[in-house]
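A short worksheet on the structure shown next.
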Protein chains: 2
Amino acid sequence: MTVIPSSLLQQYGASLNRFAKGEYIFHESWPAHFYFQLEEGSIKMFNSGENNDYIQGLFSHGESFGEPPLIADFSYPADAKAVTNCKIWVLKKVDYLRLLRDNPGVHFEFTKMLAIRLCHKTKLLNAMNTQNPEKRILTIIDYFKNKVPHPSPCYEVPFTRQAIADMTGLRVETVIKKVLRLAELGELELLDHKIVRH
Amino acid sequence: MTVIPSSLLQQYGASLNRFAKGEYIFHESWPAHFYFQLEEGSIKMFNSGENNDYIQGLFSHGESFGEPPLIADFSYPADAKAVTNCKIWVLKKVDYLRLLRDNPGVHFEFTKMLAIRLCHKTKLLNAMNTQNPEKRILTIIDYFKNKVPHPSPCYEVPFTRQAIADMTGLRVETVIKKVLRLAELGELELLDHKIVRH
DNA sequence: TATTCTTTATGACCGAAACCATAAGAATGG
DNA sequence: CCATTCTTATGGTTTCGGTCATAAAGAATA
């Protein structure tokens, strides 16, 4: 699951930096200068609006984030913020590009990951633009359920109703109501307010 | 703008195939066996729903499409259909992967393209989930306006209201009404029903 | 343990976009 | 050239999710 082995990162000059809970790693519209890979903790990428936030992604141990602007020279399309205290491997852009050039296997795995992320966003765009709130919510839940192949058939959703709202473009009251409805319909189970998907 | 030179494609065994207007190149959920690059004509990638279609992308001369499933071994997340008569370079998956392996420069350009597409979908997800219909419409128009750097400051939108609806998740009547409103507000101009963006 | 903040819950009301019907102009094809 | 289909347009109606107000349970913090 780890994108690039830490030994290889260190070999190219990466350093392990700490970010406090709530701290921003970068902001929307900033130019990209570094490769980031989470060693510990988790971060969220999101667009902040006046009323709304929209969560673009959630990343934790072993995952890298914010690489596309590094590769194709554009500015960040979203903010990145530490959800918990984090330790993050940080590598300068030129060193990262050199690492990719020197290691075709790593480069190919990276391309593969972009392809998978693109497919995910493709499916999300379809779901969020054409489906009703219930389906949108299930789409998001099932994405995270299947992200890491789970041993148990049932998946305890690790998000608040507000987080689901911020990933589906809905309002928190709507998510609350639709989740109760989905539980009635048997699509979800509620165990002491925790959402469980089978 | 051409992704891979046709000479290189031929060197790896590509053939130039014809597709008639309206013909499908592939369907959602099919496994991916070929690399496709448009020599002539244009195609659309879209999800077809009961009432709704959702257009994921429009591609024309020089552009490739449907590569991510080839790279990361998943099935197509959408249909691809010829909008006009097309000539398309078709290359077998193994040969395409060999081409990428042998040509790091081509591989890097491909990675760059995925990064750009990912950024585009990120921006779309934000716009479509958090913005009002007017902003959604302008977001789509501006994307195509800026896709190829245009000499003239004004851009004649080459889409029907229905196509805009299918890219924004709105209904055609809504697009018609909001476009008229945007013209009143001066955000768009209407020349004989053609939409022009400055 | 008290207090504050977050999260879930509920109901009333409102408004914007969907839905539906209709029509006229434009483009396409036989 | 005529017939058919597509595209743009318009107005009436409905519906669903947003908005607002309120509250209680739970979690975090002092």
Side-chain angles (χ1 to χ4, degrees), chain A residues 20-22 44 49-55 81 83-85 127-141 156-185 188-196, chain B residues 20-22 44 46 49-55 81-85 127-141 156-185 188-196:
Chain A
K21 175 178 173 176
K44 76 169 174 178
E50 343 233 296
N51 320 305
N52 284 332
D53 282 355
Y54 182 72
I55 297 176
K81 188 183 187 178
V83 171
T84 65
N85 290 329
M128 300 310 150
N129 276 309
T130 69
Q131 308 281 280
N132 60 35
E134 287 91 332
K135 292 234 182 75
R136 290 201 223 178
I137 292 168
L138 291 178
T139 298
I140 277 291
I141 290 175
E156 195 179 305
V157 180
F159 308 121
T160 63
R161 314 290 194 268
Q162 182 63 61
I164 294 172
D166 290 345
M167 292 190 281
T168 51
L170 300 166
R171 295 279 136 174
V172 67
E173 300 94 327
T174 304
V175 173
I176 288 168
K177 286 164 187 170
K178 296 300 180 185
V179 163
L180 290 169
R181 179 97 191 93
L182 284 165
E184 271 177 31
L185 295 170
L188 296 174
E189 200 178 339
L190 286 178
L191 295 179
D192 191 28
H193 302 154
K194 272 278 151 219
I195 302 169
V196 177
Chain B
K21 175 177 172 175
K44 75 169 174 180
F46 66 107
E50 343 234 294
N51 319 306
N52 284 333
D53 283 355
Y54 182 71
I55 297 177
K81 188 185 191 176
V83 171
T84 65
N85 291 328
M128 300 310 150
N129 277 308
T130 68
Q131 308 282 281
N132 61 33
E134 287 91 334
K135 290 234 183 77
R136 288 201 224 179
I137 292 168
L138 291 179
T139 297
I140 278 291
I141 290 175
E156 195 178 304
V157 180
F159 308 120
T160 63
R161 314 289 195 268
Q162 182 64 60
I164 293 172
D166 290 346
M167 292 190 281
T168 52
L170 300 166
R171 295 281 135 172
V172 66
E173 300 94 325
T174 305
V175 173
I176 288 169
K177 287 164 188 171
K178 295 303 181 183
V179 163
L180 291 170
R181 179 96 193 94
L182 284 165
E184 272 178 32
L185 294 170
L188 297 174
E189 200 179 340
L190 287 177
L191 296 179
D192 191 29
H193 302 154
K194 272 277 150 220
I195 302 168
V196 176

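Below, chains carry the letters A, B, ... as their sequence lines are ordered, and counting in each starts from 1. Since the structure is predicted, the reported quantities are computational estimates derived from the model, not experimental observations.
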note: B:Leu170, atom CG; D:dC16, atom C1'; distance rounded to Å ~ 16 Å

Q. Mind checking whether B:Ile164 and B:Ile195 have side chains closer than 4.5 Å, heavy atoms only?
A. yes

Rounded to whole Å, the CG-C1' distance (A:Leu188 to C:dT8) equals 15 Å

In whole angstroms, the gap separating C1' of C:dA18 from CG of A:Asn129 amounts to 15 Å

Whole-Å distance, B:Lys177 NZ to D:dT7 P, equals 19 Å

Taken to the nearest whole Å, CD/B:Gln131 to P/C:dA16 is 16 Å

Heavy-atom nearest nucleotide on DNA chain C taken for B:Lys21 and for A:Leu190; more 5' hit belongs to A:Leu190

DNA chain D nearest-nucleotide lookup for B:Leu180 and A:Arg171: closer to the 5′ end is B:Leu180

Discussion item. Is any side-chain heavy atom of B:Arg136 closer than 4.5 Å to one of A:Asn129?
Written reply: yes

Query raised in the report: Would you say a side-chain N or O of B:His193 is under 4.0 Å from OP1 or OP2 of C:dA26?
Result: no

_pair A:Asn132-A:Lys135: side-chain heavy atoms closer than 4.5 Å_ = yes

Separation of D:dT22 atom P from A:Ile176 atom CD1, nearest Å, is 17 Å

When rounded to whole Å, the CG to C1' distance for the pair A:Leu191 and D:dA25 reads 17 Å

Is there a donor N/O on one and an acceptor N/O on the other, under 3.5 Å, for the side chain of B:Glu173 and the base of C:dC20? yes

Quick one: does any side-chain atom of B:Asp166 pair with a main-chain N or O of B:Tyr54 as donor and acceptor, under 3.5 Å? no

Whole-Å distance, A:Arg161 CZ to D:dG17 P, equals 17 Å

Quick check on C:dA17: is either OP1 or OP2 less than 4.0 Å from any side-chain nitrogen or oxygen of B:Lys178?
yes

Counting only side-chain N and O atoms of B:Thr174, is one of them less than 4.0 Å from OP1 or OP2 of C:dA17?
no

(request) Answer yes or no: is there a side-chain heavy-atom contact under 4.5 Å between A:Leu190 and A:Leu180? (result) yes

